[in-house]
Structures are given as structure tokens and as C-alpha cells.
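Right, one structure below, let's go through it.
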4 protein chains.
Amino acid sequence: MIDLYWPGDDRAGEHFDQESFVRALVGVEEAWLARLGHPADLQALVEPHHLEWLSQEAELGGNPVIGLVELLRDGLTGEAARWLHRGLTSQDVLDSALMRLAEGAVADLRADLSRLGTALVALAVAHRDTPMVGRTITQHAVPTTFGLRVAQWLAALVDADEQLAALALPGQVGGAAGTRAAMVELGVDVELEPVPWHTVRTPVTRLGDALVTTTDALARVANDVLVMSRPEIGELAEGRPGGSSTMPGKANPVLSVLVRRAALTTPQLAATLHVAAASQVDDRADGGWHAEWATLRDLVRRTLTAASQSVELVGGLQVHADQMAATLASAEEAVHAEQRAMIKLTGRDPLPSYDGQAGEIVDTVVLRARRHWRTA
Amino acid sequence: MIDLYWPGDDRAGEHFDQESFVRALVGVEEAWLARLGHPADLQALVEPHHLEWLSQEAELGGNPVIGLVELLRDGLTGEAARWLHRGLTSQDVLDSALMRLAEGAVADLRADLSRLGTALVALAVAHRDTPMVGRTITQHAVPTTFGLRVAQWLAALVDADEQLAALALPGQVGGAAGTRAAMVELGVDVELEPVPWHTVRTPVTRLGDALVTTTDALARVANDVLVMSRPEIGELAEGRPGGSSTMPGKANPVLSVLVRRAALTTPQLAATLHVAAASQVDDRADGGWHAEWATLRDLVRRTLTAASQSVELVGGLQVHADQMAATLASAEEAVHAEQRAMIKLTGRDPLPSYDGQAGEIVDTVVLRARRHWRTA
Amino acid sequence: MIDLYWPGDDRAGEHFDQESFVRALVGVEEAWLARLGHPADLQALVEPHHLEWLSQEAELGGNPVIGLVELLRDGLTGEAARWLHRGLTSQDVLDSALMRLAEGAVADLRADLSRLGTALVALAVAHRDTPMVGRTITQHAVPTTFGLRVAQWLAALVDADEQLAALALPGQVGGAAGTRAAMVELGVDVELEPVPWHTVRTPVTRLGDALVTTTDALARVANDVLVMSRPEIGELAEGRPGGSSTMPGKANPVLSVLVRRAALTTPQLAATLHVAAASQVDDRADGGWHAEWATLRDLVRRTLTAASQSVELVGGLQVHADQMAATLASAEEAVHAEQRAMIKLTGRDPLPSYDGQAGEIVDTVVLRARRHWRTA
Amino acid sequence: MIDLYWPGDDRAGEHFDQESFVRALVGVEEAWLARLGHPADLQALVEPHHLEWLSQEAELGGNPVIGLVELLRDGLTGEAARWLHRGLTSQDVLDSALMRLAEGAVADLRADLSRLGTALVALAVAHRDTPMVGRTITQHAVPTTFGLRVAQWLAALVDADEQLAALALPGQVGGAAGTRAAMVELGVDVELEPVPWHTVRTPVTRLGDALVTTTDALARVANDVLVMSRPEIGELAEGRPGGSSTMPGKANPVLSVLVRRAALTTPQLAATLHVAAASQVDDRADGGWHAEWATLRDLVRRTLTAASQSVELVGGLQVHADQMAATLASAEEAVHAEQRAMIKLTGRDPLPSYDGQAGEIVDTVVLRARRHWRTA
């Protein structure tokens, strides 16, 4: 899958691409057919040249399942042909397929976040005591450490990964209107839980919210790299900056730009999932459901791409501790104004350093991250 | 607080209003001052006529804390005046205050959701076996029950309340740049956790996401009432419909309209919190933080209002089971087409009813709701 | 281009697909090279198998132009190779290409809107005096005509098309930082206007706003069809409804559903263009620009698809005037309550009909539409 | 009106506040009553203590007009009481009032934008030739001028103001279901145009889009000030920076922060207006209309506030041309890499300066701005 409108999109691999979608839809039908007692290999029945026909049928039926069932049935004979899809409705198949795809995508995403977490832990530990000027509302504040900054990145990441880890991605088995009437009529034994969620879209909105929380966390890193790699600051640099089409020697923080880009778009995509959820009505809705599919696909692929880019970004990050020290030194007078005020208050001698609990906070976040990812 | 632009807003009471905001800000300063060993009653120091000055100072400083500290200090003498606010930064006070306000608001919101849940449980149980036509993609589908529909409303509500229940609403104690340097300098003993989250806005975005998930769930109910109270359908009606300024006898489903209204606006508000989170940078950000306050206030008040309106809506809901039966009867032929197809498949006699697991699903959701709210 | 996640997407044809994008980018380079006095046929230099490499380079450089220039230069010799792209920056090429693509897409979109307008004019005229019950806040109001309803659809459509017609889609010629320094150095004569707009994104946001205004208008129609084709109302029906995967005989208003779906997603996409515009900074921005491309692509294709679907929807629309009359008759008592109140006020006999200016409003809107599209 | 959640909100004055809203609603009724031939002074009939009752009635009726009409009628006698509001529906009054309020707000907004434009023209002219390093993708690019940067700000502003100038803010006169039946029954002569737009919300969405385009333009300035006033860059500074609650001597670019804040929230508010427009249905909608009022209010007030803050920001802006020159000098080698490449191509001597058309572009934009605002 190539998307020149979204450089880096190929990092998301086959997740949620057209073929994976069809494969997941067929997989759901296959599993159901087996459950009905008529196992058959269905994947081979759909060939690449069918995609165009499926696409046309998808519009005629409003979703790609109706045509797919027809295609599969045409390729089957006997009992398998007769029993295919019986008891299900198209939304059962599509929702279950999306959740299967999401399961795989979230697993890969979390693997990348784990890599990123490990890299950030190492970075935070390495720079636990690297002095740096604090910056608030764009201006120099009090001294801090680069390790503490990294710990903030890390904390945001653990928050996001906790949300991803807590997701439930249930299958959908409801039948025509969520009563499972056809299944009961057919004598199929269906577990009660999870109950049908045709019009209760929390599994989808929670997934969306966790994904946007992830890009929030990734942008947190990228934004700092973008500021701190400005030539006048020069405290960070990307390991493999991008060039220019006209200026020789230009070194652009391309990975940070692309991660930040993602985070400018995902909040609105997650909002669309909520707008869709808030327009649910009847036993199966008239548009709210249909608005989810591409939106979820884009959210997932963009988050996967941004996570992978972030792994590379942090892995190659150049930390110029000397420049951090120089900036801090040049700001010495201003950044100790608060300490002087405090000393006046206590009447005591100033502490030798003014970095407070910076080190302990780093330790605390690192410990939390290590526990979260069970790494040493 | 009166807002004619948002009818029903007064249901949100004093939550997040101007006075509550100031009270919460002062409360944070008060608690901190006590922790520094100089307890003093600060609330009385801010009088209504100070609001205008505070408002002007809020713009000069970029937030309302700087002026507030000056005001409080002016009203104090001795050690309390000297120690007020020492160690904190304005964001510590403001974030902590917002979380305090959120805590109260979420508590009240959850109380209303509990009431709503109880009402929905009763409604689902009462109509567990009330036959109704299923509606999918706006058209008649297979038979269902009104109880099952209510169970779907209930499931969405429990999902939302679980998210609210899981929220962490931490205080913020970080100091000028999140290092707690002034606190250490002052010898104040501060617990390490929660670590400062000046630029890690997950507590805020999670709150926003839970609130919008709540309005999604409430709109789920309202949308159905709006459809089913159309005169041509007539299966539901609001207990206290609204009138018209020109048409005598008009009966508008006003509560449903107002709940649906809220849900059209909250997804975008929650997205704003993510846009703000994704623009975090440095040790304290240059606008992303400031964009949160009013957005969160609106999200909270609208959700509170919609929840309260929903309690009233469901409490007064008129269920016309006879009309549901009549609609179903008139659609008899069409809604049993699927059953006929299934019988052809099994070769067996049709089951006497074609409502599948509808009753059991109701029981399952009701049980889940009762456990969630520990009601009998 | 096939997208099973967005049924109907193929209606957007090649607009903004990968190949069109590359062709447009190459076209911009070609036009510039000719302007530099070294015309060459560049389109043949990019072959399908290059796409993957371009995609990888697009990420390395942050946009697809840098790799493309390298590829084209490799395929050229002599002066053309030396002069290719000289004076431009990658954003010049990409922005110009997007505007070229937009020009073609808007032209096709407007052609469909013109078809739709013609159909709506005919429908409004045909049903200028077809009585129907008015519906406000979901409830029966006073009598109206179906023609007036169609006139409202039409008015929204003309509004949208006026916005599309007013769009300026300028090329971008700014050079590395918007100064055109390299062009001047090379002695290339460049018109001053349009001035470079690297960080002034009004051409993009206006395009987005016009597109979402278009889907707003299309949804206006779809929403009414969805309500009025409910079986209990039965006043409208799609000409070619979709079926179900499990319920024989089901007739779903699929086109309306798919149009409505689009309109649930486009407001957030247009908002993303504004979020991107609002994050513009420096002489060329660090993410805000990059967030536009895919967002614009999706906005354009979804609007094209929805417009084409709407043409088919309106073209095949079944209008059940008898059912409209029947509904109105059954509501007779209620819908004349207002008239009775007015008579009481005037003391005069009631006018024979109570449809006010409905006919004249239809005429007015039809006239406006005809003038707009210069049709008779 | 004081809003500590939105520092600076008082700059929006009484625009769209509660009292103005009531006054505008009453004004619409007053004008209509006069048109019916029964002029009466209605403003005095609503007193501050009525607000609470109106607020309660607003929820009961779904909008504030129904209660207001009752209140006004109670205060009248004779013909005026009998004829008040006759022919109108509540939406006529509310929409007309919002448009009246918008008219006043847009006028004040445009006055501020004109002031801002004048200041930017002066700044662009003054710094037409002030050398500065160009910055693209955060990195040093080629030389530019500060005047050209200001010209970009100015161009964005003129674009926005052109959109505001082109707005139509029509009154709404449709009656119960948009047919004007009651008016005709009453013998009131009503112009056909503008035709009723109860469910065609282009006047509202265009207003929203113009407002967000305005904050996009204002953020364009603020973002640059935020970057260029970073201490490591130091090329710009706010004239009246804000302080810190804990750090003596801190100078925060508060106005820029607050302007940027607005622009992070308005895109989503404008999107809400489109979501609402896209949910229009029937002859008057069931929630889409109601979602607009507060959203529009917030959009208007935030844009007014941001514009006023921007006037102050630009009026007080400190331009450190010496620092600009110093940065450029220090980057000399890198920023002329492109020029060296061009010289190699032409074989000619380099031009003495490498700022291309920077000056001419400034002149062009300044001329456009002067024509737009007809200033010399």
C-alpha cells in the first residue's frame, strides 16, 4: 500500500488494507461456517480480480458483506453453500472483522510503543542528571534536566499504552436486528456475552480515543524535538534529518514533522467516531455505522506510522548535552531568581543545586514504565 | 448561572461556574498554605466585587492565579502572607482546582447516571417481552422487543459510567517547571506520586473522552425517542412535551431534542482537548494548556445537563405497547421473511416466537447494570 | 481505486489518486521547465514501478517532491537535467499540484451539482403544489408542499455551488522561503501575483469549507429521504434500494445512508484543515502543511462520491403524493390549529388553502437556481 | 460578563451576552409588531429578574422565545397583546436575533481587523528591507526580510476580512413550517426574499467559517511571535509581557499565547456548526438547530477577543532588527548555499542581495491591504 499523500504510510504495512479487510471478512464467515458444522476453506474463493466487483456490490448493498456472501456462496457447493452466513447479518461480519483487524494492529502498535518505551527509559536514565534550562510559556524558567523532560514523554506514553492494553475488541454476533433469532431458529448455541453491540459503539470509540491518546503522546516528543533542534537552540537533533529540493545542506527534522502532522489530524478522526456513535438509532443505524470504517482505518494506520517513526526518531536522537549546559549557563542569572526568592523566605543558604526532585521523578516514571513493560 | 443559549444549563448548578472556580482555586492555595505550616482561612478574602479585577489580571498574566495570589496576599499578614503559594506555580493551582471541580461534577453526574440506570433497568424489565418491530437502516427488520432496545440503551450507559468510574483526577504539584525545586528548597515534603503532569494531559483528555462517551450514550436514548415519537410511529412519547409559540396543541419531544443537541457538540469539544494535548511542548505549554479550561467547563456542564434531562425523559417516558404491537402486526409478512428462510434451511417447524435471545440479553444487561450499581 | 471501507468511492474516479498526484506533480515541473526555456516531456519518465521508491523517498524528505525531482533528473540529460526544478521549492510543486487536482475535481463536482440542481428544479416544479404535512421538531406542524421541501434542498445546493464557484485555486511559486530569490538570481520573470502563500492557507481552507458546505447540502436531502421512506411514513422511496444479507425483501435506502455517512465525517476533515492553518509558523511550517494533503484528498473524494450518489438518489426518487395526501388528511385537525387561531384574530373567513407563500417561494428558489445554472 | 476560564473574554464586551440576546429577541418581536401595525415599546417589559423565569421556560419549550412571548404578552394590553408574534414561529425570532447580534459583532470585529491591518501595513513598510533569516521546517533557509513575514500575516488577514465582508446575515421570516401561511392568513405583506432558511444553515456555517478563518490568520501572527520571542532567538518581544506567580522577572508572551489558544478551539466549533447543518431534517430540525446558538456565541466572542488582543500585540511588538541581522550573519554560510548552486548554474556573478522579490511582494500585499481598507 502506497500513499504519497501520507509519507511513511507504508510503515503501517498491511494493517487495514483492502486485502486484509477482505481476508478478515472471509475469516469471520469461515469461523461461523465451522461453528454451524460445515467447515470449509473460504479464503481461496476470493481472488484479486474480484475486488472490483465487490466494490460495486458494496455500494449497492451499503456494505461489502452482501456481495461477499454472494461471491462465497457461488464458490461453494452443498451444505457449505446452504449454510454460509446463516444467522448473521452483514454488520456482524463487518464489525467482527474490524475488531480482528484492530486486534492485530493494536498488538503491533503496542510492540512499537514497547520499543519506544525501552528507548525512552534508557534515554531518561542516561540523562537523569543532564542539566538543561527549563522552558515555560516559551521562556526560560528554572533549571531542569533533560532526563526529566524525557520522563514526561515516557509518562505520556505509558498512559497511552495503558489505554490500549485495557481495550476490549469484542466480536459481533447479533443477527438481523440484534436478537439472534435466526441463530436460535437454526439451533446454534451462542454465548450470551458479549451481547450484541450493533448500536452501542463503545468498543469503537474507546479504540479511537486510545489511538488519539497515543498520537498525543508521540506529538509530545516531536514538538520538543522541533523546538530544541531549531538552530538557535541546538540542544537536540534528529539522527537522519531530511534534505531540501533546492537548498544544499538543509537538515530538516522530518520524522518529528511527520509525527506532529499525524497528531494534528487524529483528534478530529476520533471525534468523528463519537459523532457517529451519537447518531446511533434503531436496531442498526442509517449512516453512523458506515462513517466508522474508513475513519477507523485512517486512525489506526496513522497511529501505527507515527509510532514507528517515533521509534526511529528517539533511537537516532542526538542529544547535545554541552549545548544544554551552555544555554543554562547563559541564563544563569534569570533561572535562579526563584531560588533567590525562596532563600529570602527561609533565611537559609541555598541548596547547591536547584533541580528539586527531578532525579527522583525520573526514577519514579522509569520504574513505572519498567513495571508496565516488565523490563529490567 | 443562566444561559439562554443553552436551555437547561441551570441543571448543571454551580459546577464549574465562576464562583466555584475561584473557590476551588482559593481552596488549593489554602490547603497548600496549611501544608506549609501556616493555616489560614482564605475563602473570605475574595469578595464578589473582586471578580472584575481578577478577570483583568487573568488576562495580564495569562491565567487567573497570578492576580488571585496577589489579592490573597494583600488580605493576609505575617507568615501566612509570606508563605502563601510558595513553591507552587500558577498551573499547579489551576490544574488542581479543575480536578477538584471535576471530582464534584463527576460525582453528581454519576449520581444522575445511577438514577437513569435504575430507571432503565425497571423499563427493560417491564418491557422484557413487549413485542416491537425491529428497525434497521430505517426499515422494518425482524421482530424484537422494546425491552431489548432499552437494554441497548442501558449497556451504553454502563459503558459510559465505567469510564467515569475509572477516572483519575490527580492534583498537580510541580512548581515552576515541574521539578519541585522551590519545594525542596523550602524543605516541604512532597510525595513523589502523582508526578507533575504539566505537559502530560491524559487526566484531562480521559475526562473529556469519558464525558463524550456519556453524551453518546444519552443521545442513543434521545434519538430513539425522537424517531419513535413521530406521529406516524407513535410508539413512544415524552411525558411532558414542549409547546409551540404559534401552533396550539403542538407537543414537541423537547428533552430528547436538547439531549441530542448536546451530543452534536461534545465530540468536537473533546477533540479540542486532544488538539491541546497534542500541542504540548516545553515544560509548560504556550496555549495548549489555556485552551482546555473553558472547553472542559462546557463539556462538563453540557453532560451534567443532558444527564439530568435524560433522567426526566426516561422517568416520564410514555410507552405505547399497543401501538408497538399494531406496527408489528401490520408488518407481519415482511418481518418473518428471514424466519421462513431459516425454516427452509432446517426443514423443521418454525419456533412459536422469533425473538431469539432477546429476553436473555435483557436479563444479561440488567444483571450487569445491577452489579455495576449494586442495586437489587 | 477501490476502497471497501468507503463504498461508492470509485465514483470519485481518478481524482486525487496516487497516479493523478504524481502526474500533477510532474506536470508542474514540466510547466516550470518550459518556462525556464528547456521544455521536455517528463510524464514518461515516471513509471508505475517507481511509486514504491518515491514513497520511501517521500518519507525521507518529508514530501514526495524531493525524490521525484531526483528521479526526473536521472531520466534527463543536458540542460533539461540541469535546469529542472531550479528556483522552486518542494512546496511550490506540491501546492500547485494539489490546486491543479482540485481544479479538475471541483469542475467535475460542479458538473454533478448542476445535474442535481436540474433534477431538483424539475422535482420542485412538478411538486410545486403537492400537499404534504409540515414537520417541525419531528411533529406535524401546518400544511406545506413537497415542492417547498425540495426548494429548500435546492437553496442549500445553490448556496454550496456558489461557494465552489467563487474558489480561487492559485498556483504556488515562492522558492525556498517565499522570496523567489533563486528565480531572480536565475533571471526568471515571475508575475508578482498571486504572491506566495506557503503559510497563508486560505486557498486550502476555503476549498475545505466549500466542500463541507456541499456535503451539508447533500445530507439535507438524504436526511429527509431517510425519514420519509420509513415504512410508517412511506412518502418517499429510493428508486433502487439495497438488500440485506439475511432478510429477503428488505429495501434499504442505501444511497441516502451513504450520503449521510459522508456528511458525518467531512466537518471534522475541514476542521483539520483549519487546525493545520492555525499552526502555520515561520516561512514554511513544521507539520501543519503536511497534515493537509490526505485530508484534502479524502474531503474531495467523499464529496465527489456523495454528489454522484445524490444525482442517482434524486433521479430515482419515488414520490408517493397519495401517501403525502393521506398523512395530511389524517392530521387535518391538528395542522389547522394555527389557522383557526389566526382567524380568531382577524375575524375573517379562513383562506381556502393554508399554504401561504409556498408556491411563490418555490418559484423564487427555482428562478434563482435556473439563473445560477443558466438553464431554462 | 466575566469569564475566568477564558482570560480576555471581556474584550468581547456585551456581544452575544445574555442581556444582548434578550434585547435582540425583543427587538425582533418589536419590529414585527410594528409591521403588523401595532407598534409598542417592548424592551421595557423585560426586567433583569425575569431572566431566571425565561431560562426555565426556555428549557420547557426548547428555546427562549416561547416564554418570552408569554412574558411580553402579559405586559401588553389590547391590540398589541393580541397581535404580538402573530405569524412568526420561535425560530424566526431566534434566528433573526442571532443574525442581528452577528451583524453588530462582525462590525466590531472588522473594525479591529482594520486597526490590525493598518498596524501591519505600517510594520511591513517599516521593515520592508529589514534582513532576517528565512526559516522553513524550523531550520534556517535563505535570507528574507521581516517585512515579507509581516506581509504574509497581512495577506492572511485581508483574506479573512474579505470573507467577513462578504457575509450575508439575513433575517428569518418563515412562520410555523416555513410557508408563511399565518402571515398570508393575516394579510401581512412579506417580501419573498430572503426565502425562509429554517433548515438551510449556510448563513450560520459561512459565518462560522469566516470566524475560524479569522482566528487562523491571527494565530499566524501569534505563532511567529511565540517562536521569535524565545530567548535563544530574541528577534521579537511582546510589548507588555506577563509575569509569573513564582518566578520574578519572567516575561511571558501572554497575548500571543491567548490568541493561539483561541485558534486551537475555533476549528472544532466551526465544525460543530457543520455537523449541525448536516443533521438538518424536516421543516425545522430536532437538535441541529439548537446546537448552533452557544457554539456561535463562543465562536464570535473568542474571535472578537483574539482580534482585540492581536491589535494590542502588534501595536506593542518589539522588533529587534539588530538581533535579526546577527542571526542572519551567523548563518551566512548556510543560507547562501542555494545562491551558490544557482550561480553555478548561470555562470554569472551573484546578485548583491539574495532576497529576490521580497520587497515587491511586500509592496503588492500592502497595496492590496490599503485598497481593501481604503487607507493611504
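The chains referred to below are lettered A, B, ... by the order of the sequence lines, with proteins before strands, and numbering in each begins at 1.
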Most contacts with chain A, counted as non-hydrogen pairs under 4.5 angstrom, among [options]:
options	value
B/Thr199, B/Thr138, B/Thr144, B/Thr213	B/Thr199
B/Val142, B/Leu273, B/Val227	B/Val142
B/Gln139, B/Lys344, B/Gln339	B/Gln339
B/Ile343, B/Leu351, B/Leu345	B/Leu345
B/His198, B/Arg86, B/His290, B/Met342	B/Met342

Among [options], which residue forms the greatest number of heavy-atom pairs with chain B at distances under 4.5 Å?
options	answer
A/Asp283, A/Asn223, A/Thr145	A/Asp283
A/Arg260, A/Met228, A/Gln163	A/Gln163
A/Pro196, A/Ala151, A/Gly187	A/Pro196
A/Asp286, A/Thr272, A/Val184, A/Asp216	A/Asp216
A/Arg284, A/Glu338, A/His274	A/His274
A/Ser279, A/Gly62, A/Ala182, A/Pro143	A/Ala182

Got a sec, which pairs hit salt bridge (Lys or Arg N to Asp or Glu O under 4.0 Å) with one end in residues 187-210 of chain B, sequence neighbours left out?
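Residue pairs passing salt bridge (Lys or Arg N to Asp or Glu O under 4.0 Å), neighbours aside: B/Asp95-B/Arg201, B/Arg201-B/Glu292.
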[X] portion near chain A, given a 4.5 angstrom heavy-atom threshold:
X	answer
B/Thr205	side chain
B/Leu148	side chain
B/Met183	neither
B/Val281	both
B/Trp289	neither
B/Arg149	side chain
B/Ala176	both

Using a 4.5 Å cut-off on heavy atoms from C-beta on, say whether the side chain of [Y] contacts that of [X].
X	Y	result
A/Glu185	B/Thr346	no
A/Gln268	B/Val275	yes
A/Gln280	B/Asp224	no

Provide the closest heavy-atom pair for A/Ala177 versus B/Gly134 in the form atom of the first, atom of the second, distance.
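In this case the closest contact between A/Ala177 and B/Gly134 is CB-CA, 4.5 Å.
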Tell me the closest heavy-atom pair linking B/Ala278 and A/Ala219, and the distance in Å.
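Answer, listing the atom of B/Ala278 first, then A/Ala219: O-CB, 3.6 Å.
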Quick check: under 4.5 Å, non-hydrogen atoms only, which of residues 357-366 of chain A neighbour chain B?
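Near chain B, by residue number: A/Gln357, A/Ala358, A/Glu360, A/Ile361, A/Thr364, A/Val365.
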What part of A/Trp153 gets within 4.5 angstrom of chain B, counting heavy atoms only: side chain, backbone, both, or neither?
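It is neither, since no heavy atom gets under 4.5 Å.
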Taking side-chain hydrogen bond (donor to acceptor under 3.5 Å, both in side chains) as the definition, give me every residue that meets it alongside A/Thr214, ordered by chain and number, with sequence neighbours left out.
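Checked A/Thr214 against side-chain hydrogen bond (donor to acceptor under 3.5 Å, both in side chains); zero matches.
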Please assess A/Gln91 against B/Ile137 for the test side-chain contact (heavy atoms from CB on, under 4.5 Å), listing each intermediate value before the final yes or no.
CA-CA 11 Å; A/Gln91 187 169 355; B/Ile137 325 285; over 6 Å; no
Go through the steps for A/Thr136 and B/Asp282 under the test side-chain contact (heavy atoms from CB on, under 4.5 Å), then give the verdict.
CA-CA 6 Å; A/Thr136 62; B/Asp282 293 339; over 6 Å; no
If I take atom CZ from residue A/Arg180 and atom CG from residue B/Asp355, how far apart are they, to the nearest 0.5 angstrom?
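It comes to 13.5 Å.
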Which residues satisfy the ring-ring contact (aromatic ring centres under 6.0 Å, His included) test with A/Tyr354, sequence neighbours excluded?
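A/Tyr354 satisfies ring-ring contact (aromatic ring centres under 6.0 Å, His included) with no residue once adjacent residues are dropped.
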